[in-house]
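Below is one structure; the comments refer to it alone.
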Amino acid sequence: MPISLALEEIITTGVRQHLQDPATARFGTMLAGERTLNGRAEIVVCGHVTTKSSGGNGTDKAFAAKIYPDAGSSFELVAMGEEPPDTRLVGDTCRAAGLPPLDTDAKTHL
């Protein structure tokens with residue numbers, strides 16, 4: 001599904017709340033899909049964010065999140081990280097929502 005500006009704002013704000021230095025966050029590829037699970041509508045988002053580390057180098061992290069439109073568009077970060085098991089959980093969440101997994105090296109879909 002297309003990511004509207006309003007949805008993008010919810011995603012970026014939610015992810016930034018979980019970053020050590022949110023001001024340096026640069027978002028890459030993001031994919032979103034709608035589904036209903038146990039009678040609850042949700043939007044699953046998978047993507048990448050790059051942040052500066054304390055050493056000044058950029059660190060790329062894959063993330064998976066859920067937005068619940070029926071609950072005031074509340075945001076839930078499912079997983080975020082650059083190494084397993086976090087990247088595995090991101091991939092599993094993307095696949096379960098019918099989204100193609102993101103390649104953490106190329107920052108594009110596989």
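Note that the coordinates shown come from a computational prediction; the quantities given were computed from them, not determined experimentally. Along the sequence shown, residues are numbered consecutively beginning with 1.
Cluster membership check: Leu31 does not share its hydrophobic cluster with Met1, using side-chain heavy-atom separations under 4.5 Å among Ile, Leu, Val, Met, Phe, Trp and Tyr. In this structure, Val45 is a member of the same hydrophobic cluster as Phe75, with clusters built from ILVMFWY side-chain heavy atoms closer than 4.5 Å. Criterion: ILVMFWY side-chain heavy atoms under 4.5 Å apart, direct or through other members. Under it, Leu37 and Leu77 are not part of a common hydrophobic cluster.
The shortest heavy-atom contact between Met80 and Val49 is SD-CG1, 4.0 Å. Closest non-hydrogen pair, Ala41 versus Tyr68, comes out as O-CD2, 3.7 Å. For the residue pair Ala25 and Thr51, the shortest heavy atom distance occurs at CA-CG2, 4.0 Å. For the residue pair Ala71 and Arg40, the shortest heavy atom distance occurs at CB-NH2, 3.9 Å. When all heavy atoms of Ala32 and Ile43 are compared, the pair lying nearest together is CB-CG2, 4.1 Å.
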Show me the donor-acceptor pairs within less than 3.5 Å that the side chains of residues 5-19 make with the rest of the protein, sequence neighbours left out.
| unit_1 | atom_1 | unit_2 | atom_2 | d |
| --- | --- | --- | --- | --- |
| Glu9 | OE2 | Thr13 | OG1 | 3.2 |
| Thr12 | OG1 | Glu8 | O | 3.0 |
| Thr12 | OG1 | Glu9 | O | 3.4 |
| Thr13 | OG1 | Glu9 | O | 2.8 |
| Arg16 | NH1 | Pro22 | O | 2.7 |

Sequence neighbours excluded and cut-off under 3.5 Å, please list the side-chain donor-acceptor pairs for residues 89-99, or say none.
| unit_1 | atom_1 | unit_2 | atom_2 | d |
| --- | --- | --- | --- | --- |
| Asp92 | OD1 | Arg95 | NH2 | 2.8 |
| Thr93 | OG1 | Leu89 | O | 2.8 |

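Between Arg26 and Lys52 the shortest side-chain heavy-atom distance does not fall below 4.5 Å.
Note that CG of Asp70 is 10.5 Å distant from CD of Glu42, once rounded to the nearest 0.5 Å.
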